[in-house]
Number of protein chains: 2
Amino acid sequence: MRLILDRLGERWTVTTLAELSNGPKRYREIERALVGISQRMMTLTLRRLERDGYVLRHVEPTVPPSVTYELSDLGYSFSTQVALLVTWSREHKSKLELARSTFDSKHDQS
Amino acid sequence: MRLILDRLGERWTVTTLAELSNGPKRYREIERALVGISQRMMTLTLRRLERDGYVLRHVEPTVPPSVTYELSDLGYSFSTQVALLVTWSREHKSKLELARSTFDSKHDQS
DNA sequence: CCGTATCCCTTAGGATACTG
DNA sequence: CAGTATCCTAAGGGATACGG
């Protein structure tokens, strides 16, 4: 259970899955879509998703190389689940923000 | 979106929500159920869930005090969503483990 | 019983520089 | 283009001790 939920806690997992749910994409395309991500994290995130079987990696050995990533069936299933949670998040965002500001003003932390 | 997903990344959020989804519980009860949690993290986790409006805290000012936690409507809605993901996780656990061991043996890291 | 306060270690992840 | 390698800091969270 944790082995799956831990992924969600990582900074770029959800956005990367969302990006790939629109179809296969090259490394550079994904990187450009994920504003603010470092090259290090882009690679790390993709590797972890690949390791878990969510993402497939195809290398075109041209010069310079072209590497494409796409969701596997497992990855597609997973990203669908995650999308549900993201939807829930969006729908309840305002309630959460209200709860937080209420809590913070009550427990006045100067 | 992140403000909600970040919670999931925290070590004890999901198990605490699961524990509370069975109904109101006292601090000590929850703590005992979450094997391995430190008192510090128990309190921190509950505070964060309370701050987000997922959990309600009732204090009975006896000596010694009795403090009860329970899910709010928002918290119940959230924990239901999370439970779906946990279910997915359990169902696909073996596929994930297989993917990982396959990946690891391929990318032999001595 | 229900916390808070400290100390400390491990990990996530950003910045930057370098390669096939 | 698609990565690695290194360095560095900030945050998560465990252990322990103390308090109303």
Side-chain angles (χ1 to χ4, degrees), chain A residues 2-17 19-20 24-52 55-70 103-104 106-110, chain B residues 1-17 19-20 24-52 55-70 103 106-110:
Chain A
R2 286 248 108 236
L3 80 170
I4 287 169
L5 293 175
D6 280 347
R7 279 285 153 276
L8 290 185
E10 289 158 9
R11 180 71 188 83
W12 299 101
T13 302
V14 173
T15 37
T16 301
L17 286 173
E19 195 53 33
L20 286 175
K25 288 224 163 50
R26 294 185 60 173
Y27 182 98
R28 262 300 219 170
E29 291 183 275
I30 308 168
E31 197 187 17
R32 261 190 296 260
L34 274 49
V35 181
I37 196 172
S38 64
Q39 225 168 355
R40 182 181 124 83
M41 287 317 296
M42 183 75 268
T43 301
L44 253 182
T45 303
L46 287 169
R47 282 293 168 288
R48 297 199 274 224
L49 291 174
E50 189 196 358
R51 183 169 109 99
D52 287 355
V55 157
L56 303 171
R57 179 174 178 266
H58 315 277
V59 181
E60 213 60 47
T62 53
V63 180
S66 168
V67 182
T68 306
Y69 293 88
E70 88 181 292
F103 183 94
D104 289 347
K106 211 167 288 181
H107 302 240
D108 194 9
Q109 29 28 324
S110 64
Chain B
M1 185 184 109
R2 286 249 108 235
L3 80 170
I4 287 168
L5 293 175
D6 280 347
R7 279 285 154 278
L8 290 185
E10 290 156 9
R11 182 70 188 84
W12 299 101
T13 302
V14 174
T15 37
T16 301
L17 287 174
E19 194 54 32
L20 287 175
K25 287 222 164 52
R26 294 185 62 174
Y27 182 97
R28 262 301 218 168
E29 291 183 275
I30 309 168
E31 198 188 17
R32 260 191 295 262
L34 273 49
V35 181
I37 196 172
S38 64
Q39 226 167 353
R40 182 182 124 84
M41 288 315 297
M42 184 73 269
T43 301
L44 253 183
T45 303
L46 288 169
R47 281 294 167 290
R48 298 199 275 224
L49 291 174
E50 188 195 358
R51 183 168 109 100
D52 287 355
V55 157
L56 303 171
R57 180 174 178 265
H58 315 277
V59 182
E60 213 60 47
T62 53
V63 180
S66 167
V67 182
T68 307
Y69 294 88
E70 89 181 289
F103 183 93
K106 212 168 286 182
H107 302 242
D108 194 9
Q109 27 31 319
S110 66

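Everything numeric in this text was worked out from a predicted model, so none of it was measured. Lettering follows sequence order; numbering is per chain, from 1.
The nearest whole Å value for the distance from the CD atom in E31(A) to the C1' atom in dA2(D) is 9 Å. Atom C1' of nucleotide dA11(D) and atom CG of D6(B) are separated by 12 Å, given to the nearest angstrom. Here the C1' atom of nucleotide dT4(C) and the CE atom of M42(B) are 15 Å apart, to the nearest Å. Nucleotide dT4(D) holds its C1' atom 15 Å from the NE2 atom of H107(B), rounded to whole Å. Taking atom CG of L8(B) as the reference point, atom P of dG12(D) lies 15 Å away to the nearest angstrom.
Dashed line: the shortest gap from a side-chain N or O of R32(A) to OP1 or OP2 of dA2(D) is not under 4.0 Å. Taking 4.0 angstrom as the limit, Y69(B) places none of its side-chain polar atoms (N or O) nearer than this to OP1 or OP2 of dC1(C). OP1 and OP2 of dC1(C) both lie 4.0 Å or more from every side-chain N or O belonging to R26(B).
At its two ends the helix from dC1(C)-dG20(D) to dG20(C)-dC1(D) runs along axes set 40° apart, each axis drawn from five pairs and the angle rounded to 10°.
The backbone N or O of W12(B) sits less than 3.5 Å from a side-chain atom of T15(B), completing a donor-acceptor pair. The backbone N or O of R11(B) sits less than 3.5 Å from a side-chain atom of R2(A), completing a donor-acceptor pair. T45(B) places no side-chain N or O within donor-acceptor distance of the main-chain N or O of T13(B), the cut-off being under 3.5 Å. Panel note: side chain S66(A), backbone E60(A); no donor-acceptor pair is recorded below 3.5 Å.
For Y27(B), counting side-chain heavy atoms from C-beta on, the closest listed nucleotide (dA2(D), dG3(C), dG3(D)) is dG3(C).
Side chain to side chain, Y27(A) and T43(A) meet the donor-acceptor criterion of an N or O pair below 3.5 Å.
Applying the salt bridge (charged side-chain N to carboxylate O under 4.0 Å, His left out) test to residues at least two apart or on different chains, the pairs with a partner in residues 29-42 of chain A are R28(A)-E31(A).
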Worksheet item: Hey, mind stepping through T16(B) and Y69(B) against side chain to side chain donor-acceptor pair (under 3.5 Å) and telling me if it holds?
Response: CA-CA 10 Å; T16(B) 301; Y69(B) 294 88; over 6 Å; no
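With a 4.5 Å cut-off on side-chain heavy atoms, T68(A) and K25(A) do not count as touching. For the pair R7(B) and D52(B), the minimum side-chain heavy-atom distance is below 4.5 Å.
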Worksheet item: Just by protein heavy atoms under 4.0 Å, how would nucleotides 8-20 of chain C read 5' to 3' in B, S and -?
Response: -----BBB----B
